[in-house]
Amino acid sequence: MNERVKIFLEGDLLERYLMDTTSPMESKEVEHYIEKYPEVKKTYIELQENLEEYATSYAVTAPSDLKDKILKQVTTRSKPAIPLLAITACVATILFGIMTFMIWRQNQELLEDRRLTTQLIGNLNDDIVSNRETLQSVEEQFMILNNSATEKYVLRGNRHARKLETVAYVNMLEKKSYVHVVALPELPDEQVYQMWADVDGHMVPLDILKITKENLVEIPYEERMASLNITIEPKGGSKEATVDNLVANISF
């Protein structure tokens with residue numbers, strides 16, 4: 001999946017667009033993604049279907065005997081002239097329609113309130129878990145980065161990727177490695193940047209590089225690393241490095 005599409009789907013623009021709470025500019029952005037990317041269109045359709053199923057499952061129908069009760073109360077009075085009876089029946093039918101509409105509208109408001117409340121609770125729970133995990137990760141990273149045994153290595157791109165910049169942190173005592181992707185020149189959708197470690201003359205795959213929300217991403221630690229290298233590989237990464245596509249490297 002395209003990285004831009006993945007980031008878009010992780011956000012809440014699509015859900016807000018369904019609820020008609022997006023700004024005109026946000027709506028144009030959502031419509032652009034729906035039209036251009038099939039996976040976004042598929043998710044949009046699924047969200048529509050889920051919302052309709054949810055509304056249907058919680059809908060409250062008007063009492064089936066409501067209309068009969070109204071008509072019965074009208075007809076049990078003293079028998080009026082025929083025109084007046086017809087007018088009364090029409091009024092009763094209109095009142096029945098209005099009441100049915102009011103009940104339907106109230107159902108929709110209740111469903112929306114319930115959906116928003118459920119979503120809010122879910123978001124709060126997710127935030128609590130995410131914040132706890134982030135705090136633990138930050139504490140661990142802080143200890144590694146401030147450890148005197150941690151070495152910092154800056155990898156800058158060659159003429160094939162001049163704007164590429166990545167910072168690697170390696171702690172051989174703790175056997176930990178992290179990478180901070182500062183900048184990655186854009187590649188075609190069918191290509192990715194992949195990092196490798198030169199171990200005893202053999203290129204060992206470490207990770208596929210990408211821009212993330214986190215400052216640091218842990219990568220596999222390899223003992224006896226002689227250098228770190230970045231190449232351009234087919235989408236999904238390779239098991240063997242394409243040395244001809246080397247765009248950055250640094251020796252230890």
Side-chain angles (χ1 to χ4, degrees), residues 1-62 97-138 141 161-167 179-193 207-217 235-236:
M1 180 183 293
N2 186 297
E3 186 65 26
R4 291 194 186 91
V5 173
K6 183 178 180 182
I7 294 174
F8 174 81
L9 291 177
E10 288 175 351
D12 64 345
L13 267 180
L14 201 55
E15 289 83 352
R16 292 197 291 110
Y17 178 77
L18 272 170
M19 302 309 303
D20 196 23
T21 59
T22 51
S23 66
M25 185 173 295
E26 288 174 330
S27 296
K28 288 183 179 179
E29 180 182 357
V30 174
E31 290 164 0
H32 168 74
Y33 272 86
I34 292 173
E35 181 179 354
K36 184 174 181 181
Y37 300 105
E39 52 266 57
V40 176
K41 184 176 182 180
K42 180 181 177 183
T43 302
Y44 173 68
I45 293 173
E46 290 176 351
L47 287 174
Q48 279 186 315
E49 293 174 350
N50 291 341
L51 185 59
E52 291 174 0
E53 290 177 3
Y54 185 86
T56 302
S57 64
Y58 285 94
V60 178
T61 57
I98 293 174
M99 292 180 64
T100 301
F101 174 77
M102 291 177 64
I103 292 174
W104 175 84
R105 185 167 184 174
Q106 184 179 29
N107 284 340
Q108 299 305 307
E109 292 175 353
L110 290 173
L111 284 173
E112 176 62 12
D113 289 343
R114 180 174 298 178
R115 190 194 72 81
L116 292 175
T117 301
T118 302
Q119 182 179 20
L120 179 60
I121 294 173
N123 290 341
L124 288 175
N125 289 334
D126 291 342
D127 288 343
I128 291 173
V129 174
S130 177
N131 289 338
R132 184 182 297 117
E133 293 175 349
T134 300
L135 180 60
Q136 292 174 349
S137 177
V138 169
Q141 292 175 12
R162 296 186 185 281
K163 295 183 179 180
L164 185 147
E165 183 176 349
T166 301
V167 182
V179 64
H180 175 205
V181 178
V182 180
L184 283 180
E186 190 170 350
L187 287 173
D189 290 343
E190 65 272 11
Q191 291 181 324
V192 295
Y193 292 102
D207 203 357
I208 293 174
L209 300 181
K210 56 186 176 181
I211 300 291
T212 63
K213 297 177 182 178
E214 294 79 15
N215 289 330
L216 291 178
V217 176
K235 184 177 181 180

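Just so it is clear, the structure is predicted and the values come from calculations on it, not from any experiment. Values below: all heavy atoms of this structure, side chains included; hydrogens, waters and symmetry mates excluded.
- One distance of note links CZ of F8 with CD1 of I34; it measures 6.5 Å at 0.5 Å rounding.
- By the salt bridge (Lys or Arg N to Asp or Glu O under 4.0 Å) test, E186 pairs with R4, sequence neighbours left out.
- Note that CD of E35 is 13.0 Å distant from OH of Y44, once rounded to the nearest 0.5 Å.
- Between L184 and L164, some side-chain heavy-atom pair lies under the 4.5 Å cut-off.
- Residues that satisfy the side-chain hydrogen bond (donor to acceptor under 3.5 Å, both in side chains) test with E15, not counting sequence neighbours, are absent from this structure.
- Partners of R16 according to the side-chain contact (heavy atoms from CB on, under 4.5 Å) rule, which considers only residues two or more places apart in sequence or in another chain, are D12, L13, T21, T22, E26.
- Partners of P38 according to the side-chain contact (heavy atoms from CB on, under 4.5 Å) rule, which considers only residues two or more places apart in sequence or in another chain, do not exist here.
- For the side-chain contact (heavy atoms from CB on, under 4.5 Å) test, residues two or more places apart in sequence or in another chain that qualify with D189 are N2.
- Every ring pair (Phe, Tyr, Trp, His ring centres under 6.0 Å) that Y37 has, sequence neighbours left out, goes to Y33.
- For the atom pair NZ of K36 and NZ of K41, the computed distance is 15.5 Å after rounding to the nearest 0.5 Å.
- Between the OG1 atom of T43 and the CG atom of L9 there is a distance of 5.0 Å, given to the nearest 0.5 Å.
- Residues satisfying the side-chain contact (heavy atoms from CB on, under 4.5 Å) test with K210, not counting sequence neighbours, are E3, K6, T212.
- With a 6.0 Å radius and a threshold of 12 heavy atoms from other residues, nucleotides or ligands, E46 has its CD atom above the threshold.
- Residues V179 and T166 meet the side-chain proximity criterion, which asks for heavy atoms closer than 4.5 Å.
- Contact check for L209 versus V192: no side-chain heavy atoms found under the 4.5 Å cut-off.
- Residues forming a salt bridge (Lys or Arg N to Asp or Glu O under 4.0 Å) with E29 (at least two apart in sequence, or on another chain): none.
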What do the steps show when you test V40 against V5 for side-chain contact (heavy atoms from CB on, under 4.5 Å), and what is the final call? CA-CA 7 Å; V40 176; V5 173; 3.7 Å; yes
